[in-house]
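What follows is a set of notes on a single structure, which appears directly below.
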Amino acid sequence: MKVLVTGGSGFIGRALCARLVSAGHRPVVLSRRPARARPVLPPDTRVVASLDEIADHEVLDGIVNLAGENLFSGRWTGPRKDRLLASRVRTTRAVVELCRRLTHTPPVLVSGSAVGFYGDAGDAELTEHSSARRKDFGYRLCDSWEQTARESQRLGMRLCLIRTGVVLGRDGGMLAKLLPVYRLGLGARLGNGAQWLSWIHLDDMTTILMRALESPAVEGIFNATAPHPVTQRHFHRALASAVHRPAPWVAPAPLLKLLLGELSGMLLGGQRVYPRRLEDQGFSFRHPVLEQALADLVADS
């Protein structure tokens, strides 16, 4: 398969491209900075700076749409929220327009989203059938992202919407930032720690994306989260234990709100999400339990 991957040089995208190549597929990566992207991608990966570089007659066997600016790279000012939204919606709209102009419409679009779709939901148990409990910025961002991707269905494409939790991997994302801090014994619980954290090991994340891409019968919304979500307190203690350090520290909620503003809601709120559709379809997680996942990731890092 020739597979277009937007956001392919990011944390999840790099791992996916490696999986695609190992399975004999040919990724084509959209990146705003091709020169920076090529060294982190498998050799001979084609990198394009614009979808205009893909000719009308070119045949794509699938698209994985992961592009989006990092939510945690700055305070959520009004202009920044506009950029976060535009980085997802604009790219997704461009992908749909590409599919519309291609002579051969790609059969499948696997498009990213996030468990933020459900809003800050407290202790509620959430599945793919749940509606948003709070229509905050996280919900508005994910909903706009998903609605734009749904335009591909008008072209007859199979659509998979992947609502992703916190992806844990040693080479990027949240865990790569936290590990040095926790190894120094400085890791801190966030607020009272009662907020839920829905997480997933990077290996399971890429397997879910590959499954959606390669399986013609797979369609619709999927929660890409491990089957055992944990509270932030549980995560804090488990990570400290994994690196054999104490866990006495607390980052008070008022301090986080002062430093981060609205963005602090992503850390002090959460979602208790379950991957019911994956489980119902027989998906087997390699890393279903947090302690086992952390042991795997910390061992070689």
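For the numbers below, each heavy atom of this structure counts, side chains included, while hydrogens, waters and symmetry mates do not. The shown structure was predicted, so the numbers you read here are calculated from the model rather than taken from an experiment.
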Residues, nucleotides or ligands: over 12 heavy atoms within 6.0 Å of R83 CZ: yes
Side-chain donor or acceptor of S50 paired with backbone N/O of E53 under 3.5 Å: no
L179/V298 under side chain to side chain contact (heavy atoms under 4.5 Å, CB included): CA gap, chis, key distance, verdict: CA-CA 8 Å; L179 272 175; V298 169; 3.9 Å; yes
Backbone N/O of R272 and side chain of Y118: donor-acceptor pair under 3.5 Å: no
Ionic contact status for R46 with E58, cut-off 4.0 Å: yes
Check against side chain to side chain contact (heavy atoms under 4.5 Å, CB included), M266 and W76: CA-CA 11 Å; M266 293 284 287; W76 284 359; 3.3 Å; yes
Over 12 non-hydrogen atoms of neighbours within 6.0 angstrom of CG in D44: no
Sub-4.5 Å side-chain heavy-atom contact between V29 and C17: yes
Main-chain N/O of R163 paired to E146 side chain as donor or acceptor, under 3.5 Å: no
Value rounded to 0.5 Å, distance of CE in M210 from CE in M1: 8.5 Å
Side chains of T92 and E151 in contact at under 4.5 Å (non-hydrogen atoms): no
Same cluster (ILVMFWY, side-chain, under 4.5 Å), F222 and M205: yes
Heavy-atom side-chain proximity of K257 to L268 below 4.5 angstrom: yes
Verdict with reasoning, L98 to L102, per side chain to side chain contact (heavy atoms under 4.5 Å, CB included): CA-CA 6 Å; L98 169 69; L102 290 175; 4.0 Å; yes
Exam field: side chain S31 to backbone S9, donor-acceptor pair closer than 3.5 Å: no
Heavy-atom closest contact (A251 atom, A188 atom, distance): N-CB, 3.8 Å
Exam field: side chain R88 to backbone W145, donor-acceptor pair closer than 3.5 Å: no
For the student: nearest non-hydrogen atoms of R211 and L278, plus distance: NH1-CD2, 3.6 Å
Single-linkage hydrophobic cluster L60~L155, side-chain heavy atoms < 4.5 angstrom: yes
Heavy-atom side-chain contact between D61 and V108 under 4.5 Å: no
Test side-chain hydrogen bond (donor to acceptor under 3.5 Å, both in side chains) applied to Q292 and H201, step by step: CA-CA 10 Å; Q292 180 264 334; H201 191 294; over 6 Å; no
Shortest non-hydrogen contact from A194 toward T231: O-CG2, 3.9 Å
Between OG1 on residue T206 and CD1 on residue I12, distance to nearest 0.5 Å: 9.5 Å
Donor-acceptor side-chain pairing of T207 and R19 below 3.5 angstrom: yes
Spacing of K81 atom NZ and E262 atom CD [to the nearest 0.5 Å]: 3.5 Å
Sub-6.0 Å ring centroid separation between F137 and Y139: no
I54 side chain near D52 side chain, heavy-atom distance below 4.5 Å: no
Exam field: side chain T45 to backbone L41, donor-acceptor pair closer than 3.5 Å: no
Polar side-chain atom of R233 near backbone of G191 as donor-acceptor pair, under 3.5 Å: no
Cluster overlap F117 with I200, hydrophobic side-chain contacts below 4.5 Å: no
Within 45° cone of Y182 ring axis and under 6.0 Å: R245 NZ or CZ: no
Exam field: side chain Q281 to backbone E279, donor-acceptor pair closer than 3.5 Å: no
Approximate separation, where rounding is to 0.5 Å, of D171 CG and F11 CZ: 7.5 Å
Residues T6, N65; criterion side-chain hydrogen bond (donor to acceptor under 3.5 Å, both in side chains); working and verdict: CA-CA 5 Å; T6 74; N65 178 40; 2.6 Å; yes
S198 side chain to V273 backbone, donor-acceptor under 3.5 Å: yes
Spatial distance of atom OG (S152) from atom CG (L159) [nearest 0.5 Å]: 4.5 Å
Minimal non-hydrogen separation, A121 against R133, with atom names: CB-CG, 3.6 Å
Ring centres under 6.0 angstrom apart (Y274, H228): no
Ion pair D203/R286, N-O distance below 4.0 Å: yes
S241 side chain to R237 backbone, donor-acceptor under 3.5 Å: no
Closest non-hydrogen atom pair between L267 and Q195, with its separation: O-NE2, 2.8 Å
R158 and P107, any side-chain heavy atoms less than 4.5 Å apart: no
Check: L20 and R26 side chains under 4.5 Å, non-hydrogen atoms: no
Side chain to side chain contact (heavy atoms under 4.5 Å, CB included) evaluation trace for V110 with L66: CA-CA 9 Å; V110 181; L66 302 174; over 6 Å; no
Atom CZ of R32: over 12 foreign heavy atoms under 6.0 Å: no
Nearest-0.5 Å distance that lies between atom NE2 in H287 and atom CG in L202: 9.0 Å
Taking every non-hydrogen atom, the tightest pair across A247 and A240: CB-CB, 3.6 Å
Pairwise side-chain contact, H129 with R276, heavy-atom cut-off 4.5 Å (strictly under): no
same_hphob_cluster(V64, L161) at 4.5 Å side-chain heavy-atom cutoff: no
Hphob cluster co-occupancy, I63 + V21, side-chain heavy atoms under 4.5 angstrom: no
